[in-house]
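The structure under discussion appears below in the form of structure tokens.
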Amino acid sequence: MSLHEEFDPASHQHTRYNPLKGEWVLVSPHRIKRPWKGQVEKAQEEVIPERDPNNPLCPGSKRSNGQVNPEYTGAFVFDNDFPALLEEGPVPAKTDHPLLQIEPARGTCRVMCLHPRSDLVLPLMSSEDVRKIIDEWANQIAELGKRYMWVQVFENKGSVMGCSNPHPHCQVWASSFLPNEPKKSNEGQLEYFKNHGRVLLLDYLQLELDKKERLVVENEHWVVVVPFWALWPYETLLLPRRHVLRLPDLTTEERDSLADVMKRLLTKYDNLFECSFPYSMGWHGAPTGSAYEEEGGHPWWQLHALYYPPLLRSASVKKFMVGYEMLAQGQRDTTPEQAAAKLRELPELHYKLRPSACEHSA
């Protein structure tokens with residue numbers, strides 16, 4: 001490589017700054033040409049029955065604590081049988097040593113079944129069913145946000161993301177403290193607001209709408225981009241077009257529109273490698289509880305969802321966050337612009353709904 005060669009972000013190594021985390025990402029597009037001889041994940045999709053009486057998340061099934069699920073027809077929420085956070089417990093004693101800091105932690109953990117059918121993923125659900133999921137997310141945040149500083153809605157989809165049950169479900173964890181990731185995001189958005197008097201993610205959204213090179217899907221109320229600072233291969237950022245602090249603040253029209261854009265995005269994900277695309281996703285909005293009153297509502301925040309999918313080259317090759325990523329900083333091979341172009345060009349008809357696929361299944 002010549003020292004006098006003109007820099008090309010699609011070919012040459014460089015770093016990019018993530019203002020939501022205060023971290024840099026190493027981008028190495030030249031590495032995508034290297035041969036791969038690493039781990040290959042199972043490419044064949046698991047055949048999942050519509051209903052399994054032995055699955056503790058199905059309607060009418062008995063869970064490990066002996067409770068029986070109702071015959072639910074929409075989203076169903078229950079307290080996690082093995083919670084990471086409890087509402088009550090002994091408070092640790094304070095320590096005077098700066099290297100041995102300890103603080104109390106309270107909270108609650110809930111599981112939310114997205115649909116009564118085990119074999120139905122979100123992009124194949126009806127818009128009405130997805131809208132019910134969105135409404136329940138908003139209900140959970142509104143309820144738990146009265147008592148807790150942070151309410152984290154998240155979904156781990158696929159066994160490679162640690163999901164141990166194939167039934168479509170997500171989780172809701174509420175905590176008395178602000179966790180590390182939203183704390184960094186809060187600090188980044190607040191700093192930008194103090195320096196510029198504007199909302200960071202709204203300014204960023206306008207940049208993306210002007211450039212259009214990282215857009216994936218959009219509609220009247222929502223925009224999905226592969227962010228400029230993306231770390232995961234096909235990471236996306238979902239943003240409302242107007243200033244919104246929290247999920248419960250969405251209007252009826254914005255919730256309908258959100259169901260549409262989520263189905264379109266997740267259909268593209270599944271179509272990329274024609275598989276049930278794994279990911280971890282979650283919602284970030286302004287903190288809740290007493291922090292809401294103390295900080296005047298956190299006007300520097302903008303509601304957004306984050307999708308972190310691990311697949312890199314195919315349904316059987318994933319990105320591993322190990323070695324350099326764990327010990328130094330995040331690194332990716334393809335550029336965010338290349339990833340966005342691939343996703344943008346994909347059809348919005350799910351591969352399982354194509355005529356050939358339907359005929360084969362028949």
Side-chain angles (χ1 to χ4, degrees), residues 16-23 25 122-123 130-131 133-134 137-138 141 151-155 170 181-182 184-193 196-232 234-269 279-288 297-309 336-337 339-341 343-344 348:
R16 299 189 183 194
Y17 183 66
N18 180 345
L20 294 178
K21 291 190 172 186
E23 298 175 353
V25 176
L122 196 146
V130 178
R131 169 60 195 272
I133 294 168
I134 294 166
W137 283 342
I141 293 172
V151 183
Q152 184 62 65
V153 173
F154 67 96
E155 178 191 5
C170 67
E181 293 302 308
K184 287 186 285 187
S185 184
N186 182 64
E187 292 170 352
Q189 292 180 79
L190 176 57
E191 180 182 13
Y192 188 90
F193 189 78
H196 303 280
R198 298 187 303 275
V199 177
L200 184 157
L201 283 173
L202 287 180
D203 277 6
Y204 175 67
L205 175 60
Q206 190 56 56
L207 282 173
E208 293 291 10
L209 290 173
D210 291 342
K211 291 180 175 295
K212 300 187 183 303
E213 60 184 340
R214 286 175 292 272
L215 284 179
V216 178
V217 292
E218 60 179 319
N219 61 19
E220 182 181 358
H221 300 102
W222 297 87
V223 178
V224 178
V225 302
V226 175
F228 175 79
W229 51 79
L231 173 58
W232 293 90
Y234 293 95
E235 176 181 333
T236 53
L237 173 65
L238 170 57
L239 289 161
R241 290 182 183 267
R242 76 174 178 96
H243 189 199
V244 181
L245 295 182
R246 301 171 183 84
L247 205 62
D249 300 335
L250 296 175
T251 66
T252 297
E253 293 77 14
E254 286 169 332
R255 295 184 188 200
D256 288 339
S257 188
L258 176 56
D260 166 73
V261 84
M262 285 175 59
K263 280 175 58 67
R264 292 167 60 196
L265 170 63
L266 297 181
T267 294
K268 284 179 176 289
Y269 270 161
Y279 57 76
S280 282
M281 70 81 62
W283 285 96
H284 277 186
T288 52
H298 292 72
W300 52 89
W301 264 87
Q302 172 70 347
L303 175 71
H304 58 284
L306 300 157
Y307 284 85
Y308 297 145
E337 294 75 27
L343 291 173
R344 190 167 53 242
E348 295 188 4

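Bear in mind the structure is a predicted one, so any value in this text is a computation, not a measurement.
K263 meets the salt bridge (charged side-chain N to carboxylate O under 4.0 Å, His left out) test with no other residue; sequence neighbours excluded. Every residue meeting the side-chain hydrogen bond (donor to acceptor under 3.5 Å, both in side chains) condition with Y204, not counting sequence neighbours, appears here in chain and number order: E208. For the side-chain contact (heavy atoms from CB on, under 4.5 Å) test, residues two or more places apart in sequence or in another chain that qualify with L209 are L205, Q206, L215, E218, V223, R241. Annotation: ring pair (Phe, Tyr, Trp, His ring centres under 6.0 Å) contacts of F228 (sequence neighbours excluded): none. With sequence neighbours excluded, no residue forms a side-chain hydrogen bond (donor to acceptor under 3.5 Å, both in side chains) with E187. In this structure, the ring pair (Phe, Tyr, Trp, His ring centres under 6.0 Å) partners of H304, at least two apart in sequence or on a different chain, are H284. Not counting sequence neighbours, F193 has no partner by the ring pair (Phe, Tyr, Trp, His ring centres under 6.0 Å) test. Residues satisfying the salt bridge (charged side-chain N to carboxylate O under 4.0 Å, His left out) test with R242, not counting sequence neighbours, are E254. Partners of E191 by salt bridge (charged side-chain N to carboxylate O under 4.0 Å, His left out), not counting sequence neighbours: none found. E348 pairs by the side-chain contact (heavy atoms from CB on, under 4.5 Å) definition with V217, R264, K268, not counting sequence neighbours. Scored by the side-chain hydrogen bond (donor to acceptor under 3.5 Å, both in side chains) test, R131 finds D135, D256 as partners (sequence neighbours excluded). For Y307, the side-chain hydrogen bond (donor to acceptor under 3.5 Å, both in side chains) criterion is met by no residue, not counting sequence neighbours.
Rounding to the nearest 0.5 angstrom, the gap separating the CH2 atom in W222 from the CD atom in E220 is 12.5 Å. Taking NE2 of H243 as the reference point, atom CG of L202 lies at 6.0 Å (rounded to 0.5 Å).
Smallest separation of non-hydrogen atoms from I134 and L247: O-CD2, 4.4 Å. Closest heavy-atom contact between A286 and R246: O-NE, 3.1 Å.
Side-chain contact between L237 and L201 is present, with heavy atoms from C-beta onward closer than 4.5 Å. Within the 4.5 Å cutoff, the side chain of W300 has no heavy atoms near those of the L200 side chain. By the 4.5 Å heavy-atom criterion applied to side chains, L266 and Y279 are counted as neighbours. No side-chain heavy atom of L303 sits less than 4.5 Å from a side-chain heavy atom of D249.
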May I have the step-by-step check of side-chain hydrogen bond (donor to acceptor under 3.5 Å, both in side chains) for Q189 and S185, ending in yes or no? CA-CA 6 Å; Q189 292 180 79; S185 184; 2.9 Å; yes
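Between the Q302 side chain and the V244 main chain, a donor and an acceptor come within less than 3.5 Å of each other. Not one N or O on the side chain of N18 forms a donor-acceptor pair closer than 3.5 Å with the backbone of W229. Between the R198 side chain and the Y192 main chain, no donor and acceptor come within less than 3.5 Å of each other.
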